[in-house]
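Notes to accompany the following structure.
Numbered from 1 within each chain, the chains take letters A, B, ... in sequence-line order.
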Amino acid sequence: MTVRVRFAPSPTGKLHIGSVRTVVFNWLFARKMSGRFILRIEDTDRTRYHPESLVSIFDGLRWLGLDWDEGPGLEELQKAGLQDAARYAVGGPYGPYIQSNRLHLYRAVAEELVAQGWAYRCHCTPERLAQLRAEQRARKETPMYDRHCRNLPPGAISPDEPHVIRLKVPLTGQTVVHDVVRGDAVFENAQIDDQVLLKSDGFPTYHLAVVVDDHLMEITHIIRADEWFPSTPKHVLLYQALGWETPVYCHVPLVLGTDGKKLSKRHGATSIAEFRAQGYLPDALLNFLALLGWAPGEGEEQEIFSREELIARFDLFRVNRAPATFSYDKLDWMNGVYIRSLSAEALLERLLPFWQQAGLVPDPCPEGERTRLLKIVPLVRERLRRLNEVVEWTDFMFREIEPVPAERLIGDKMTPQESLIALQRVRELLASIEPFEGEAMEQPLRALAQELGLKAGQLFGIIRWATSGKQVSPPLFGSLEAIGRERVLARLEAAEQTLATLLR
RNA sequence: GGCCCCAUCGUCUAGUGGUCCAGGACGCUGGCCUCUCAAGCCGGAAACAGGGGUUCGAGUCCCCUUGGGGCCA
């Protein structure tokens, strides 16, 4: 039997990193088992529907390299009003893959359940239900439907009058949920509400739709977030009522923020688009996410895993039960590891958009500029944890700097006078040095320091401040080359003038 | 409030009754290297939530407590 798993997001907002971790598990499992990974859109909550979020879901998954084997096809996406429908269309034999195109299926199943006596029509008004809940709350009881309509004679409610369809949950007995990570869990039927299956507007609730779709799409393993666990017995009951085989459940632990609460906006970046914009590499994020709630075990101490290694090693049965806290620190470290593993050319490709977005490099990038950038890349490679940090590291190489305050231009344990002289000598030296390249500068500058009776660090510190306007910068000589002779000389001269004013 | 789940260093985790005075990684920290910052290398501090059992023996099994979380509304 072919393994079939799915990710079924609601298009109600940005693609959340917590959901993505669940997708990663689904995808890894599918690829590992040579199965199929299906993308289904659960858009039956029309009040919260946002068409743009479809794109953010597709783009996010694509960017991370989580390809889906079946999903909404061209027609469906066009119907949903998607601009670039063709870019995202996949299709498949189990469509449609957008729930709002499947309403007839849910209605048919709901009616069948009514006919079989597994469900019933209910025309209780929202007002009555609200009052009922209020009373139950006042009595400190668990709010539950009182089954008022359950025992009405069949046909008492006409299919034509407004009504919902509810599941007729057995009054006694137990429902067992088998779960790969949780083991078996037993629920008392008496505690399960007569869940609404079909709303009065003809739309299904999540509970009905998910069961119908998962069955019709022949999903074999339901890998979803832990928060769905409590509603699972309702689903199992539905499978039983319909005489369908239940899939294998696998509830994976939630991803928490540093305060132990479900990860949310206030913890930092949460949408996949934000991670992308901050310069995380897809492979690094995938690696990190895979290790949140899962570890290869067997005494394995490796933590950096390629996509292929993850697929080869992933084991659904080793997924943890405890929720995991999302650590931005560790992600940053891991991202740095991935950045450093890139060749200069590959890293340049990834850096370019960040430079361009900051307005430091024209878009498109002229070929000549490319060669220059390629020499800058090694200067920052081991300093980056996120790609967007390149802007702060290198901005002074592209644009003019703020005037440097005089006190910063005075070398360590030096007088202003000595510093000024040093600066002048450096300018003389750099004015004539050939070629104007980093490698050619080091020895002469070191010799100059010695001649002036300075430690190399003292002299270099002044040059660094004068030319970059920063205390900390990429390696000095490469930076000078990147700035270019003309600008370097001008900045040195400006620094000299600043110091001179101080001396007057 | 009801139902359910979870519990090893600050964080991610290894650990499936003896090889654990608990291993790795991030972070923190000391040092080396060094033009700054990184990277790299070497070292350090840091955990089995508590209490009862079971067992010759428990981080590992059971119960309770505590703490945390999820769902329902």
Side-chain angles (χ1 to χ4, degrees), chain A residues 21 129-130 132-134 136-145 177 179 181-183 185-193 195 225-234 251-263 287-304 317-337 339-341 378-385 389 392-393 411-412 438 441-442 445-446 449 454-465 467-468 470-480:
Chain A
R21 202 283 310 265
L129 262 17
L132 180 65
R133 269 198 298 273
Q136 288 168 327
R137 282 250 290 281
R139 274 180 267 133
K140 294 198 192 274
E141 290 171 9
T142 306
M144 254 174 96
Y145 178 56
V177 174
D179 190 285
V181 316
R182 296 247 199 166
V186 180
F187 294 83
E188 293 295 331
N189 290 340
Q191 313 241 24
I192 303 174
D193 205 357
Q195 189 65 50
D226 209 21
E227 54 192 326
W228 294 110
F229 192 70
S231 57
T232 310
K234 294 170 188 170
H251 286 91
V252 305
L254 292 175
V255 177
L256 273 25
T258 32
D259 58 356
K261 300 281 194 328
K262 232 163 94 175
L263 192 68
N287 191 160
F288 177 77
L289 254 18
L291 258 24
L292 258 194
W294 171 79
E298 291 167 6
E300 180 58 77
E301 290 183 353
Q302 182 182 340
E303 296 210 89
I304 304 295
F317 292 84
R318 283 192 53 86
V319 170
N320 286 155
R321 289 144 295 277
T325 303
F326 192 97
S327 167
Y328 291 92
D329 275 341
K330 187 153 188 176
L331 206 212
D332 281 352
W333 163 77
M334 193 172 276
N335 202 51
V337 171
I339 286 175
R340 274 172 255 133
S341 76
L379 264 27
V380 294
R381 177 164 44 197
E382 56 229 26
R383 272 158 264 263
L384 298 176
R385 287 166 316 188
E389 292 172 337
E392 212 181 329
W393 274 109
D412 189 29
M441 297 173 194
E442 180 156 4
L445 283 171
R446 281 185 190 280
L454 298 173
K455 285 189 168 174
Q458 287 176 292
L459 183 63
F460 297 171
I462 304 175
I463 307 176
R464 169 171 284 111
W465 264 112
T467 56
S468 72
K470 294 175 197 277
Q471 169 101 269
V472 172
S473 81
L476 185 61
F477 314 113
S479 296
L480 292 176

For a quick test of reading the model: is some side-chain N or O of [X] closer than 4.0 Å to OP1 or OP2 of [N]?
X        : N     : result
A:Arg182 : B:G70 : no
A:Arg446 : B:C35 : yes
A:Thr325 : B:C12 : yes
A:Arg340 : B:A38 : no
A:Asn320 : B:C6  : no

[atom1] of [X] versus [atom2] of [N]: gap in Å, rounded?
X        : N     : atom1 : atom2 : answer
A:Leu291 : B:G24 : CG    : P     : 17 Å
A:Glu392 : B:A38 : CD    : P     : 13 Å
A:Gln191 : B:G1  : CD    : P     : 16 Å
A:Leu379 : B:U36 : CG    : P     : 15 Å
A:Ile304 : B:G24 : CD1   : P     : 17 Å
A:Phe288 : B:C12 : CZ    : P     : 10 Å
A:Leu256 : B:G10 : CG    : C1'   : 15 Å
A:Met334 : B:C12 : CE    : C1'   : 9 Å

Only pairs with both distances under 3.5 Å count, Watson-Crick or wobble alike; so what is the partner of [N] in this structure?
N     : answer
B:A25 : B:U11
B:G18 : B:C56
B:C33 : none
B:C3  : B:G70

Using a 4.0 Å heavy-atom cut-off across all strands, classify [X] as base, sugar-phosphate, or nothing.
X        : answer
A:Gly293 : sugar-phosphate
A:Ala456 : nothing
A:Trp393 : base

Quick one: does [X]'s side chain have a donor or acceptor within less than 3.5 Å of a partner on [Y]'s backbone?
X        : Y        : result
A:Asp179 : A:His251 : yes
A:Asp193 : A:Tyr145 : yes
A:Lys330 : A:Phe288 : no
A:Glu188 : A:Ala190 : no

Is a donor-acceptor pair below 3.5 Å formed from side chain A:Arg321 to base B:C5, judging by atom type as modelled?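 Under the 3.5 Å cut-off, the side chain and the base do not form any donor-acceptor pair.
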Hey, which of these two, A:Pro474 or A:Lys330, hits RNA chain B nearer its 5' end, going by closest nucleotide?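 Looking at RNA chain B, the more 5' nearest nucleotide goes with A:Lys330.
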So which one's nearest nucleotide on RNA chain B is more toward 5', A:Glu382 or A:Gly457? A:Gly457
Can you confirm whether A:Leu292 sits close enough to A:Pro253 that some side-chain heavy atom of one is under 4.5 Å from a side-chain heavy atom of the other?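 Sidechains of A:Pro253 and A:Leu292: no contact.
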To the nearest 0.5 Å, tell me how far A:Arg383 CZ sits from A:Glu389 CD. 12.0 Å
Nearest to the side chain of A:Pro475, heavy atoms from C-beta on, is which of B:C6, B:U13, B:C35?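 Taking heavy atoms from C-beta onward, the closest nucleotide is B:C35.
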Could you give the distance separating B:G40 and B:A25 at their P atoms, to the nearest angstrom? 12 Å
